[in-house]
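Values in this document were obtained by computation on a predicted structure and should not be read as measured data. Chain letters run A, B, ... following the sequence lines, proteins first and then strands; every chain starts at 1.
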Number of protein chains: 2
Amino acid sequence: MSISERQKEERALRKERILSGALTVFKTKGLDGATMDEIAAESGFGKATLYYYFPSKEDVFCGILDRGWTQLWESLEEDIHSDTGPRETFINILIKIAKKAQQNRNEYEFMFNAPKAISNIDDSDQDWKSYQHQLYAILKGLLDDGISQGQFPKLDSNLMFKAIGGLFVGLIFMGEKNKDITGGDIEKLLNQLITDPTQP
Amino acid sequence: MSISERQKEERALRKERILSGALTVFKTKGLDGATMDEIAAESGFGKATLYYYFPSKEDVFCGILDRGWTQLWESLEEDIHSDTGPRETFINILIKIAKKAQQNRNEYEFMFNAPKAISNIDDSDQDWKSYQHQLYAILKGLLDDGISQGQFPKLDSNLMFKAIGGLFVGLIFMGEKNKDITGGDIEKLLNQLITDPTQP
DNA sequence: CTAAATTTCGACTCAATAGTCGAATATTAA
DNA sequence: TTAATATTCGACTATTGAGTCGAAATTTAG
């Protein structure tokens, strides 16, 4: 008899629990400050048990990114495939990301910042990377389309992309509080940045 | 006979050399990936010699921040005390920082990003922190003044500050290349973000 | 119930690295 | 020259933390 469905689910649930614990520890101790012992304690397992579910610390790390980027990608698909114009789609996507990021701030801060801190020989095809690249490609495409349709200011799209990305990250992750920023705020500032003053 | 002026200078020069080497290693290996042995090798000293100049790894780290923020603060003083209006002063300061940051990208990336990664019991009065806070306070003040004078959009200044800070960091540190961004680009995007459309 | 499979974990190994020590070398002042 | 002072450093220590091991506990299936 092979493993039952319930067993699979419980196993997945335990993995989730470990990832959550890891996220908590990463948040308080930083990426390198976090130890497997602490993650084990935080998630309520013995250290050796962690290695029964994840082959290495790095895999715990990537597990968080995988889960996060996959979920984000899936939750955005309807917006991506909607047939609104580039500008509206672009803004909708960013606002949706912002909302999710504020609901799960730790996770998203990790997703957006942690990858920079990796120096490992990282040629391997991580799932999360492809999702991240896909998302960035979509956004970049919308930006290009929007610019060529005169919906955005006529500026180099790479530059715009950096600027918007920075603004976005700044709004959501700068400072400690996260209560003061509404979807409306983000929309307002995005509009401010991407409204072409030469258009009526 | 106490130590001569030249001796002091040479000692300071050796400290500089160590800080530069440290910056190089930090850049390639990351903050926690960098070891004192590597920093020693990179800067051309034996490890023990490093400890003759800096009491700990953390002090090397803070040495970089101290030097950077102090120099930045000093180089900005004339702009800060100029009597141009808040908007112009604000933009001048940001453009000057951007220029310096692009000339010494490693150093400034470190200055802007490294502090987040510190989790140490950091109550101690680090010089660099006061410079950083002063600079942020000045910028925040200019923003407040500018808003109340109608030179900026009427938005919450904390929000604006986050947005501008993010945009700035995004423009300068996102991606790998740093050649494509001119002072003009930065000015253009800043203007885009901080121009009140309701004003003539 | 019993045997196989799954899950758990404390104790151990082993490598990496921050920081120290004491001796050697170089510089300065008289 | 010579003694004091400043500088250099390789080898050593001590700690920390990732990953392993083997045995114990629990669950599942017949």
The correct set of residues in residues 39-47 of chain B placing a heavy atom under 4.0 Å from DNA chain C is Lys47(B)
Quick check: does any side chain N or O of Arg105(B) sit under 3.5 Å from a backbone N or O of Phe173(B), one acting as donor and the other as acceptor? yes
In whole Å, what is the span from the CG atom of Asp37(B) to the P atom of dA11(D)? 12 Å
In whole angstrom, give the distance that lies between atom CG of Leu31(B) and atom P of dT17(C). 15 Å
Please state how far atom CG in Asp32(B) lies from atom C1' in dT17(C), giving the value in whole angstrom units. 12 Å
Using OP1 and OP2 only, check whether a side-chain N or O of Arg11(A) sits under 4.0 Å from dT7(C). yes
Filtered N/O pairs between nucleotides 13-16 of chain C and protein, under 3.5 Å:
none

Test item: side-chain donor near acceptor, Arg87(A) and Asn191(A), under 3.5 Å: yes
How would you label the contact of Tyr53(B) with the nucleic acid (heavy atoms, under 4.0 Å): base, sugar-phosphate, or nothing? sugar-phosphate
Ordered by number, residues from residues 12-25 of chain A within less than 4.0 Å of DNA chain C (heavy atoms) are Arg14(A)
Output the rounded distance in Å from CD (Glu10(A)) to P (dT7(C)). 9 Å
Please determine if a side-chain N or O atom of Tyr52(A) lies less than 4.0 Å away from the OP1 or OP2 oxygen of dT7(C). yes
Under 3.5 Å side-chain donor-acceptor pair for Asp59(A) and Ser56(A): yes
Phe45(B) ring center near Tyr52(B) ring center (under 6.0 Å): no
Charged tip of Lys15(A) within 45° of Phe54(A) ring normal and under 6.0 Å: yes
Mind checking whether Phe112(A) and Trp69(A) have ring centres under 6.0 Å apart? yes
Take the protein atom OH of Tyr51(B) and the nucleotide atom P of dA18(C), then report the distance between them rounded to whole Å. 6 Å
Nearest-angstrom distance from the residue atom NZ of Lys29(A) to C1' of dG17(D): 13 Å
Treating Lys57(B) as the side-chain partner and Ala34(B) as the backbone partner, does any N or O pair qualify as donor plus acceptor under 3.5 Å? yes
